[in-house]
Every structure is written in C-alpha cells, then in structure tokens.
There are 2 protein chains.
Amino acid sequence: MPQTSVEIVKASVVLKLLGDKTRLTIMKLIDNQACCVCEFVEIFQTSQPSISQHLRKLKDIGLVKEERRGQWIFYSVDKGNEYYPFIKPILDQLPNQEYKLKELEEKGTRISCC
Amino acid sequence: MPQTSVEIVKASVVLKLLGDKTRLTIMKLIDNQACCVCEFVEIFQTSQPSISQHLRKLKDIGLVKEERRGQWIFYSVDKGNEYYPFIKPILDQLPNQEYKLKELEEKGTRISCC
DNA sequence: TTAGTATATAACTATCTACTTATATAATCA
DNA sequence: TGATTATATAAGTAGATAGTTATATACTAA
C-alpha cells in the first residue's frame, strides 16, 4: 500500500500547530469524542479566550470541526480532513488523555454541559 | 504489538521543532543520508549561521547527530534517539527531498565537499 | 423582553523565534 | 607559520505567538 504524501510546507504548518502542548492535548482528547469549550477551560486551568483561540487555529486549517448543541459548542477531530491520515500516527503514539476528564468528575468541577 | 508512547509535553516540543519548513526538510533529507552544512546553505538559499542554528536545535534534543570529516561536519538523523519511532511515521509521509540535491548538481553549485 | 450563560473576537502586550551581522573556533593547505 | 575554508556562537532585531482584558454575539430560560 503506497504511503500517502503531504507537501512539506503544509506538513510543517500542521506540525507547528500540533507543537503546542495545549493544542496537542486537545487533539488527543477529541480524537475519539467531542468536548465542549468549558471542559477545556477547566482541564487546562486557563482563560476561555485562550482556549477559543487555540480551537480557532485548529479549525482554520480544518483539523477540528464544531457542532453547536444549544448554547454549547462541541469540538471533535475532523477525520475527513486531508491531513488526518498524516496526524493519525502522531495521535496514536500519545498517551490517552481521558484521565483529565475523569479528574474533573472526581473534583466535581466537570461542568453541567458535558 | 503495543504502540510506543511519548509523554505529551515532550511530544509537543518535538513537533514544534519539526514545525518549521527548513528543519522539517532537513530531517527528511538526512533520514537516509548524511549531508554537510554547506549543502543546506545552498539548498535553502539562506545564511550559514541560520542553518547552524537550526541544526543546533535539532541536535540539542538528540534528533540529529554530527560527524566531523576533516573540515566538514556531516549531519544525519540519529535513529537511536528515543523520539525516532515517534517521528518516523511523519517523515515517511513526506515527499522525498533528494531532488534538491540533484538540482544543486545540475546547477553546478553543489560544493566540493559533498 | 430581560437576565444569565457560553463562546468568539478585538486589542494589547510580553515572550519567543528566526533571522541578520559580526566574530570566534577549528581544520586544511601553501 | 599565515591564509583560507567550514562551522559555531554571540548579540541584536523584526515579526510571530500565546496569553491577557474587554467586549460582542448567540443561545436559553424566566
């Protein structure tokens, strides 16, 4: 089976986006489930605009997609994106991050929406 | 066969390094051969200090190794590095960059050392 | 409609990054 | 030895980046 190939400048743009621990953790988290913005704010203990801006960058090149459910917006990895086959092996080598959601539940700070 | 796993903060550091088109192209080029600094300077049409600084960053986290041969220093990917299994699938999905060396030969600007 | 909640965007700022120029180090060769 | 070549390092700078605060937008529910 021939390897897929990604133009090298585009690849570097994608890798730069993944080269941030917040964005990389987000991508791993939502590779198998949708999460809403407020969860990320809790998990990363940072401001809501900061998370929004990270998500915006991921969305701009199509790595993630959003889905509004009432007043919440859920984000998940867009597996139909042209770069998904490129980043999949990267995500697969990262340790599962779902424990971060579990910690929120245990602390009781997991927001109502999720 | 269980997947290897790379701590997520370390992974983001490695990906940030690869998230630069010059460094990413260098990594792809030297995944299967050693190249000396002057070749990179020709290929990327940039200054020698700029290349040296990119190579320094790659060397600092162990992605590449150097080998002096007389007055020249050859760089190649350190396949024994702990992160190599992590980055290998990335490099494998990039188009071969050897044509850049061929272009140097055809232009006659490939330096004597190489 | 008004108040409250969730999210996005704008503007600003501190820090980081990649480059430049200048200089230092190291090897070769006459 | 001194001149030349290859590479590294230092210092400075312009532009990029990630965060902040303030505000706008969008939805829900009373």
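Proteins come first, then strands; the chains are lettered A, B, ... in the order of their sequence lines, and each starts at number 1.
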Subject >> Sugar-phosphate, base or nothing in reach of Phe40(A), heavy atoms under 4.0 Å >> reply: nothing
**OP:** Assign Phe44(A) to base, sugar-phosphate, or nothing according to its heavy-atom contacts below 4.0 angstrom with the strands shown.
**Re:** nothing
Is the backbone N or O of [Y] less than 3.5 Å from a side-chain atom of [X], with the two atoms forming a donor-acceptor pair by type?
X        : Y        : result
Gln97(A) : Pro95(A) : yes
Gln93(A) : Phe86(B) : yes
Arg23(A) : Leu17(A) : yes

Subject >> Residues in contact with DNA chain C, drawn from residues 14-27 of chain A - heavy-atom cutoff 4.0 Å >> reply: none
With 3.5 Å as the limit, what N/O pairs link the protein to nucleotides 21-30 of chain C?
none

Subject >> Contact under 4.0 Å: His54(A) side-chain N or O vs dG19(D) OP1/OP2 >> reply: yes
Original post:
Just to confirm, is there a sub-4.0 Å distance from OP1 or OP2 of dT20(C) to any side-chain nitrogen or oxygen of Thr46(B)?
Top reply: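 Checking dT20(C) against Thr46(B), a side-chain N or O does come within under 4.0 Å of OP1 or OP2.
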Just how far, in rounded Å, is [atom2] of [N] from [atom1] of [X]?
X        : N       : atom1 : atom2 : result
Ile51(B) : dA18(C) : CD1   : C1'   : 11 Å
Glu42(A) : dA6(C)  : CD    : P     : 11 Å
Leu58(B) : dT17(C) : CG    : P     : 14 Å
Phe74(B) : dA6(D)  : CZ    : C1'   : 11 Å

**OP:** Tell me, yes or no, whether the heavy-atom count around Lys21(B) atom NZ, taken from other residues, nucleotides or ligands under 6.0 Å, exceeds 12.
**Re:**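 Counting neighbours around NZ of Lys21(B), 12 or fewer heavy atoms of other residues, nucleotides or ligands fall under 6.0 Å, so no.
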Subject >> Along DNA chain D (nearest heavy atom to each residue), the more 5'-positioned of Leu55(B) and Lys57(A) >> reply: Leu55(B)
Subject >> Under 3.5 Å side-chain donor-acceptor pair for Asp78(B) and Tyr83(B) >> reply: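 Note: Asp78(B) and Tyr83(B) side chains miss the donor-acceptor criterion.
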**OP:** Could you check if a side-chain atom of Leu94(B) sits within less than 4.5 angstrom of a side-chain atom of Leu24(B), using non-hydrogen atoms only?
**Re:** yes
Subject >> Cys35(B) vs Phe40(B) side-chain heavy atoms within contact, under 4.5 Å >> reply: yes
Subject >> Residues Lys100(B), Glu98(B): salt bridge by 4.0 Å N-O rule >> reply: no
**OP:** Among Ile90(B), Asn81(B), Ile87(B), find the residue that satisfies the side chain to side chain contact (heavy atoms under 4.5 Å, CB included) test when tested with Val14(B).
**Re:**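 That would be Ile87(B); it is the only one of Ile90(B), Asn81(B), Ile87(B) passing the side chain to side chain contact (heavy atoms under 4.5 Å, CB included) with Val14(B).
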